[in-house]
Amino acid sequence: MPTYAVTGATGHLGRLAVLALLDRAVPAHQVIAVVRDEAEAQPLVERGVQVRVADYDVPETLTTAFAGVDRLLFVSGSEVGQRERQHRNVVQAAQDAGISRIAYTSIARAEENSMPLSVEHRATEALLRASGIPTLLLRNSWYLENYTDQVNQYLAMGAVLGATGEARIAAAPRADYAEAAAAALVGDAAAGVYELGGPAFTMSELAAAISAAVGRELPYRNVTLEEYEAGLVAAGLDPGTAGFVTALERGAAAGELDVPVTDLERLLGRPATDLNSAVKHLLG
């Protein structure tokens with residue numbers, strides 16, 4: 001049986017992906033959790049998962065961590081601006097280790113996506129293509145948690161605030177993306193591009209789902225991108241960060257997070273979790 005490794009395995013997505021591999025009856029001793037902080041991986045150790053410490057910034061740790069690995073779930077790093085260099089280290093270590101299959105967590109519509117996050121994803125996709133390793137590019141749309149984690153702010157404002165108008169956003173809960181990633185790693189899905197997203201919704205529809213989950217009416221309040229950015233600064237963000245977040249909102253408003261649900265459901269082997277059920281679960 002192949003040996004599987006998951007990078008970023010104590011992060012939100014990576015941890016769920018490790019659990020999804022176990023749910024697919026992969027023996028725990030065949031699963032390697034690659035982490036930066038071993039102490040945070042104790043719950044995985046208790047499940048029988050192997051834990052190896054590595055850092056994207058330290059290439060020799062990656063070489064050691066990937067020894068004997070057949071299939072790798074490469075979860076993209078979180079340090080924006082550093083990721084092209086870090087990801088180059090990961091790809092080189094995967095080549096050196098003789099890894100036979102990679103699934104990489106990219107961003108929706110990576111080729112044409114204008115969001116600042118997309119630049120490093122495009123560069124990483126190019127590195128992976130050049131590596132010669134069969135790769136599944138899992139182009140994830142937004143996590144639904146990007147919104148549900150802000151519920152206290154919505155409650156304080158009495159509304160869900162945004163600047164995307166009627167644009168549709170194919171967000172899905174992290175658990176669906178993690179399950180799809182595990183399926184991509186374990187199954188026989190062909191190498192190539194997978195545009196992954198849940199059933200698309202407008203922010204007004206999201207606001208209605210959140211309202212139902214919390215038992216309080218929270219309408220969607222659409223503002224201009226300029227008003228949105230000014231509000232972020234007023235809330236305490238520095239201008240650079242506010243501009244970065246606004247650029248993400250601009251991309252969402254342009255429909256760059258609207259992808260069909262078909263690829264996600266094909267990997268899951270079931271319907272993607274619907275908006276109301278997902279929001280209710282996340283806010284339960």
Side-chain angles (χ1 to χ4, degrees), residues 12-13 76-84 105-125 139-174 177 195-214 216-260 275-276 278-279 282-283:
H12 293 299
L13 182 66
S76 58
S78 59
E79 297 176 67
V80 177
Q82 305 299 317
R83 294 191 294 182
E84 183 175 352
T105 61
S106 188
I107 192 171
R109 302 184 183 278
E111 279 111 342
E112 68 268 22
N113 194 305
S114 69
M115 295 181 179
L117 289 173
S118 67
V119 176
E120 291 168 312
H121 284 299
R122 277 194 293 274
T124 303
E125 289 192 5
R139 291 179 172 173
N140 294 345
S141 185
W142 250 209
Y143 300 137
L144 190 57
E145 288 90 337
N146 290 354
Y147 300 109
T148 58
D149 286 352
Q150 298 184 65
V151 67
N152 288 335
Q153 295 165 252
Y154 299 152
L155 288 167
M157 291 188 295
V160 175
L161 187 72
T164 58
E166 291 302 305
R168 302 191 72 77
I169 298 166
R174 284 193 185 96
Y177 290 122
E195 295 284 356
L196 302 183
F201 54 81
T202 64
M203 288 296 291
S204 294
E205 291 167 342
L206 174 64
I210 292 174
S211 297
V214 300
R216 177 179 163 188
E217 185 64 26
L218 294 171
Y220 175 56
R221 185 187 305 158
N222 194 66
V223 298
T224 66
L225 286 165
E226 292 74 20
E227 290 168 332
Y228 184 82
E229 185 169 3
L232 293 174
V233 173
L237 291 187
D238 64 84
T241 302
F244 179 88
V245 175
T246 301
L248 301 180
E249 192 77 356
R250 181 178 293 107
E256 293 174 359
L257 297 175
D258 184 8
V259 299
L275 176 64
N276 287 312
V279 168
L282 291 170
L283 296 180

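Keep in mind that this is a model prediction, so the values were computed, not measured.
Shown here for S118 and A110, the closest heavy-atom pair between the two residues is CB-O, 4.5 Å. When all heavy atoms are compared, the tightest approach of R221 to M157 is NH2-O, 3.7 Å. Contact detail for V214 and V151: the closest heavy-atom pair is CG1-CG2, 3.9 Å. Of all heavy-atom pairs between A171 and Y143, the closest is CB-C, 4.2 Å. Between L232 and A242, the closest heavy-atom pair is CD1-O, 3.7 Å. Residues M203 and I169 approach most closely at SD-CD1, 4.0 Å, considering heavy atoms.
Counting only heavy atoms from C-beta outward, the side chains of E205 and I210 never approach each other to under 4.5 Å. Between R122 and E125, the closest side-chain pair of non-hydrogen atoms is not below 4.5 Å. Side-chain contact between P116 and L248: present, with at least one pair of heavy atoms (C-beta onward) separated by less than 4.5 Å. Contact of the H121 side chain with the R139 side chain is not registered, since no non-hydrogen atoms from C-beta on lie closer than 4.5 Å. For the pair S211 and R216, the minimum side-chain heavy-atom distance is 4.5 Å or more. Taking the side chain as every heavy atom from C-beta outward, L282 and D149 never approach each other to under 4.5 Å. For the pair F244 and V80, the minimum side-chain heavy-atom distance is below 4.5 Å.
Between the OG1 atom of T124 and the CD1 atom of I107 there is a distance of 11.5 Å, given to the nearest 0.5 Å. To the nearest 0.5 Å, atom CG of residue N140 and atom CG of residue L257 are 11.0 Å apart. Here L206 contributes atom CG and R168 contributes atom CZ; the two are 11.5 Å apart, rounded to the nearest 0.5 Å.
Side chains of E249 and T164: a donor-acceptor N/O pair is absent below 3.5 angstrom, by distance only. With 3.5 Å as the limit, one finds a donor-acceptor pair spanning the side chains of N222 and Y220. When only modelled atom types and interatomic distance are considered, T224 and E227 share a side-chain donor-acceptor pair under 3.5 Å.
A search for side-chain hydrogen bond (donor to acceptor under 3.5 Å, both in side chains) contacts involving S114 returns E256, not counting sequence neighbours.
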